[in-house]
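Worksheet for the structure shown next.
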Amino acid sequence: MKNKIIHGQVIPFNQSNIDTDAIIPKQYLKSIKKSGFGPFLFDSLRYLDPGDLSTKAKRKINPEFILNKAPYSSGNIILANDNFGCGSSREHAVWAIKDYGIEVVISTSFADIFKRNSFKNSLLLISISKNILDKLFQEILDSPNYELTIDVQNQTITTPSKQAYDFDISDSDKERIIQGYDDIGLSLMHKNKIEQYEKKMKQKKPWMFGKQS
Amino acid sequence: MKETLYDKIWNEHMVHQNPDGSSLLYIDRHLIHEVTSPQAFDGLNIEKRKIWNNKSIYAVSDHNVPTKNRLAGIDDKISKLQVDTLIDNCKKHDISYFDLNDINQGIVHVIGPELGITQPGMTLVCGDSHTSTHGALASLAFGIGTSDVEHVLATQCINVNKEKNFKIIIKNSLNDFISSKDLILHIIKTIGTSGGTGFTIEFAGSCIEQMSVEGRMTMCNMSIEAGAKSGLVAFDNNTLNYMLDKKYIPGKNHIDNAIKYWEKLVSDDDAHFDKELIIDALDVVPQVTWGTSPEMTVDVYGKTPNPNDESDINKRDYITRALDYMGLKANQDIQSINIDKVFIGSCTNSRIEDLRQAAEVLNGEKISGSIKQAIVVPGSGHVKAQAENEGLDKIFIKSGFEWRDPGCSMCLGMNDDSLLPYERCASTSNRNFEGRQGDKGRTHLVSPSMAAVAAIKGHFSSVVDFINEK
Ligand code: SF4
């Protein structure tokens with residue numbers, strides 16, 4: 001089986017409950033496309049002036065925000081605290097993270113809907129224990145040029161000092177990350193089963209099918 | 001095997017078990033709106049895939065729509081394109097769509113139950129996290145992302161992992177003027193915003209048994225704010241009475257069988273729950289959020305927290321940051337917080353009972369001169385019409401509120417209704433995240449009657465005291 005190794009600078013974003021409204025604010029949800037959200041990732045934290053889809057002027061960068069500080073500005077791995085991605089189900093949040101160039105988010109926990117959306121778009125989420133998370137945050141504080149290597153097939157994270165940690169991932173999510181996955185195509189392989197189920201249920205509870213009036 | 005309500009609906013809808021432990025679950029109803037569906041239709045087109053069952057889908061525009069001058073149409077070109085795209089997609093695929101001037105139009109989670117599109121025992125999804133609302137009718141409902149919207153359009157199914165069962169028993173009854181909104185905020189304060197992650201929550205106990213179906217919807221609506229994708233309440237006589245006059249319920253030939261089916265939608269005695277929590281309804285007083293997460297909730301008689309009381313440095317930072325964003329000090333009395341705007345609406349609190357509760361407080365009163373704007377946005381055309389029949393609109397307008405057309409409005413401010421930077425709002429919605437109601441805007445979540453009291457006083461104050469003094 002193929003493998004995927006992700007290597008790069010870590011962006012330490014030490015907050016809990018980072019919500020999808022913060023990841024991509026509502027004014028960008030008016031777009032009917034899937035791409036082009038990267039410049040608006042963490043928009044209200046990243047820029048000092050407000051913006052929306054029609055803003056033409058160059059935005060004022062907030063120099064205090066982590067994504068705008070070297071060496072983190074070149075990072076591709078976010079390290080965040082508990083319950084990342086809570087709130088709105090907007091998949092735009094994942095599209096923005098991916099479009100910006102982030103490949104992995106590491107935290108102790110993720111909100112359920114965000115997690116599904118992420119793997120559907122081959123964004124790798126890694127859950128680790130509070131202990132290890134705190135350790136990584138401390139190590140970055142001590143040496144900001146901090147690069148991790150993530151081996152998806154073997155499920156390991158390796159730190160600059162060659163310390164390796166294991167992480168859990170389901171086989172199907174692993175496949176989604178390594179080679180992409182046509183979820184709809186795979187489900188349609190069960191087309192017959194879905195049709196049989198439907199037939200049975202139309203007998204059992206006909207009122208649930210079709211319009212009533 | 002004893003089953004919970006969640007187990008029952010789940011097992012009934014399981015089409016196939018995947019090797020990775022997830023299941024292919026059949027979806028009975030699919031609600032779509034303008035914001036999270038365009039990319040899904042696009043995806044179908046690109047792959048040349050067909051829609052499995054267009055009769056299972058109902059569409060409405062709610063997030064992005066103006067709430068005044070409806071007949072003038074949508075001004076903002078980008079918003080208009082999004083709504084027009086939904087209309088085009090519905091035409092092309094022959095999907096039921098409720099137009100902006102249709103009395104059936106409204107917030108997707110208000111119209112589903114109100115029209116009887118949502119029925120007990122169904123599985124229902126929508127590209128929106130507050131789909132959990134529909135669980136109040138003993139249906140398994142949860143929010144999904146756009147890729148899954150596309151998946152359900154194409155297959156009528158979704159691949160999901162089964163969650164664990166969490167039962168929250170609320171014993172006794174709520175005191176007068178304490179609403180289901182106070183109760184759910186109290187619960188979120190108790191278990192935290194990730195307290196329900198990985199679980200489906202069933203709300204039970206005598207307090208829930210006495211609660212109206214609309215009150216239950218407020219509870220289930222905010223179960224996602226506790227991290228649970230779905231909230232549930234068992235079917236009972238309240239549910240039945242609620243259903244019987246709805247537009248799309250089963251026809252004459254089916255209704256008796258449907259009711260027989262619905263009556264089984266309860267957790268078996270002794271069914272296994274992975275987690276249980278007992279809450280005493282008598283402990284609940286009016287709630288106000290002080291911070292930028294729904295778990296940052298206190299009693300109206302309380303104070304903002306002091307970060308220095310926290311030993312954990314992360315938690316200290318979390319509190320400091322929230323106080324800073326909200327422009328509040330540590331140990332500040334909640335009742336001393338002055339507000340600029342008031343918003344009564346959203347899928348949490350825009351139903352007729354919510355409007356009645358607010359109007360009861362506002363009757364014969366005027367809102368404070370310090371309030372810049374106060375708006376009521378009914379959840380649907382039907383709610384609006386019903387309120388006008390009862391004369392509630394007149395009470396609101398007389399007191400100084402604006403009476404608007406249905407939509408999501410200031411809950412997320414995608415249309416013109418939003419907070420200006422640093423404005424402070426008493427809001428009946430469900431999220432107080434940074435920037436939720438407008439860039440740098442400050443949101444305090446409260447019940448409808450608490451929002452009404454805040455409008456009159458210009459600051460937060462207990463509705464119970466207000467009524468007693470009246
Ligand atoms: S009212 Fe608010 S929470 Fe409800 S669906 Fe609309 S935007 Fe979402």
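Excluded from the calculations below are hydrogen atoms, water molecules and symmetry mates; all remaining heavy atoms, backbone and side chain alike, are included. So that the names make sense, note that chain A is the first sequence line, chain B the second, and so on, each numbered from 1.
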Whatever's closer than 4.5 Å to a heavy atom in chain B on Asp134(A) counts as side chain

So, Arg116(A) side chain and Ser147(B) main chain: donor-acceptor pair closer than 3.5 Å or not? no

Lys130(A), NZ atom: more than 12 neighbouring heavy atoms under 6.0 Å: yes

Determine whether a donor-acceptor pair (N or O, by modelled atom type, separation under 3.5 Å) exists between the side chain of Glu434(B) and the backbone of Ala22(A). no

Are the side chains of Tyr26(B) and Glu198(A) in contact, using a 4.5 Å heavy-atom criterion? yes

Using a 4.5 angstrom heavy-atom cutoff, name the option from Lys315(B), Glu150(B), Glu12(B), Glu34(B) with the most pairs to chain A. Glu12(B)

Do Ser194(B) and Asp82(A) have side-chain heavy atoms sitting under 4.5 Å apart? no

With rounding to the nearest 0.5 Å, note down the distance linking CD in Glu225(B) to SG in Cys86(A). 8.5 Å

Looking at Ile117(B), Asp76(B), Asn314(B), which one has more heavy-atom pairs under 4.5 Å with chain A than the rest? Asn314(B)

Under 4.0 Å between a side-chain nitrogen and a carboxylate oxygen: does that hold for Asp52(A) and Lys77(B)? no

In terms of heavy-atom pairs under 4.5 Å with chain A, which of Ile255(B), Thr193(B), Ile224(B) leads? Thr193(B)

Is it the case that the side chain of Asp19(A) and the backbone of Phe433(B) share a donor-acceptor pair, with hydrogens and angles ignored and the cut-off at 3.5 Å? no

After noting the C-alpha distance and the side-chain angles of His190(A) and Val15(B), does the key distance pass the side-chain contact (heavy atoms from CB on, under 4.5 Å) rule? CA-CA 9 Å; His190(A) 302 294; Val15(B) 173; 5.7 Å; no

Does Asp142(A), at its CG atom, have more than 12 non-hydrogen atoms belonging to other residues, nucleotides or ligands within less than 6.0 Å? yes

Quick check: are there more than 12 heavy atoms from other residues, nucleotides or ligands sitting under 6.0 Å from CG of Leu420(B)? yes

So, the side chain of Lys191(A) versus the backbone of Thr155(B): is there a donor-acceptor pair under 3.5 Å, distance only? no

Which atoms of Leu45(A) approach chain B - backbone, side chain, both or neither, heavy atom under 4.5 Å: side chain

Verify the neighbour count for atom CG of Asp416(B): are there more than 12 heavy atoms of other residues, nucleotides or ligands below 6.0 Å? no

Among Thr36(B), Thr131(B), Ile144(B), Asn253(B), which has the most heavy-atom pairs under 4.5 Å with chain A? Ile144(B)

Does any heavy atom of chain B fall under 4.5 Å from the side chain of Lys204(A), the backbone, both, or neither of them? side chain

Could you check which of Asn64(B), Val149(B), Asn161(B), Asp439(B) has the highest count of heavy-atom pairs closer than 4.5 Å to chain A? Asn64(B)

Under 4.5 Å from any heavy atom of chain B - which part of Phe114(A): neither

Pick whichever of Gly87(A), Ser170(A), Ser54(A) has the most heavy-atom pairs under 4.5 Å with chain B. Gly87(A)

Toward chain A, the part of Asn18(B) with a non-hydrogen atom under 4.5 Å: side chain

Would one find more than 12 heavy atoms of other residues, nucleotides or ligands at under 6.0 Å from atom NZ of Lys60(A)? no

Interatomic distance, NZ@Lys26(A) vs CE@Met414(B), rounded to 0.5 Å, equals 9.5 Å

Toward chain B, the part of Gln15(A) with a non-hydrogen atom under 4.5 Å: side chain

Is there a side-chain contact between Asp112(A) and Glu163(B), using heavy atoms and a 4.5 Å cut-off? yes

Would you say that Ile32(A) contacts Phe41(B) through its side chain, given a criterion of any heavy-atom pair below 4.5 Å between the two side chains? no

Ignoring hydrogens and geometry, is there a side-chain-to-backbone donor-acceptor pair from Lys120(A) to Thr146(B) under 3.5 Å? no

Output the option from Leu53(A), Asn83(A), Asp43(A) having the highest count of non-hydrogen pairs under 4.5 Å with chain B. Asn83(A)

Trace of the side-chain contact (heavy atoms from CB on, under 4.5 Å) decision for Thr197(B) with Ser109(A): CA-CA 9 Å; Thr197(B) 304; Ser109(A) 59; over 6 Å; no

Between OG of Ser132(B) and CD1 of Ile113(A), what distance do you get to the nearest 0.5 Å? 8.0 Å

Which pair of heavy atoms, one from Ser31(A) and one from Gln39(B), lies closest together, and at what distance? O-NE2, 3.3 Å

Top contributor to chain B interface from Lys205(A), Gln27(A), Lys34(A) [non-hydrogen pairs under 4.5 Å]: Lys205(A)

Honestly, the part of Asp183(A) sitting under 4.5 Å from a heavy atom of chain B is both

Winner by heavy-atom pair count (cut-off under 4.5 Å) against chain A, out of Met122(B), His130(B), Glu295(B): Met122(B)

Report yes if the side chains of Tyr197(A) and His13(B) come closer than 4.5 Å at any heavy-atom pair, otherwise no. yes

Is any side-chain heavy atom of Arg431(B) less than 4.5 Å from a side-chain heavy atom of Ser88(A)? yes

Hey, what do you get for CG (Asn14(A)) to CG (Asp317(B)), rounding to the nearest 0.5 Å? 7.5 Å

Taking Gln82(B) for the side chain and Leu29(A) for the main chain, is one N or O donor matched with an acceptor at less than 3.5 Å? yes

Is any NZ, NE, NH1 or NH2 atom of the basic residue among Arg90(A) and Asp128(B) found under 4.0 Å from an Asp or Glu carboxylate oxygen of the other? no

Residues Arg49(B) and Leu188(A): closest non-hydrogen pair is NE-CD1, 4.0 Å

Chain B contact via Lys33(A) - which portion, at a heavy-atom distance below 4.5 Å: backbone

Could you go through the side-chain hydrogen bond (donor to acceptor under 3.5 Å, both in side chains) check for Tyr318(B) and Asn81(A) one step at a time? CA-CA 11 Å; Tyr318(B) 179 49; Asn81(A) 227 305; over 6 Å; no

Just how far is it from atom CD1 of Ile194(A) to atom SG of Cys157(B), taken to the nearest 0.5 Å? 4.0 Å

With a 4.5 angstrom heavy-atom cut-off, is it the side chain or the backbone of Asp173(A) that approaches chain B, or both, or neither? neither

Considering residues, nucleotides and ligands other than Lys80(B), do more than 12 of their heavy atoms fall under 6.0 Å from its NZ? no

When rounded to the nearest 0.5 angstrom, what is the spacing between CG in Asp171(A) and CG in Asp20(B)? 7.5 Å

Asp21(A) with Arg436(B): basic N within carboxylate O range, under 4.0 Å: yes

Would you say that Ser187(A) contacts Leu24(B) through its side chain, given a criterion of any heavy-atom pair below 4.5 Å between the two side chains? yes

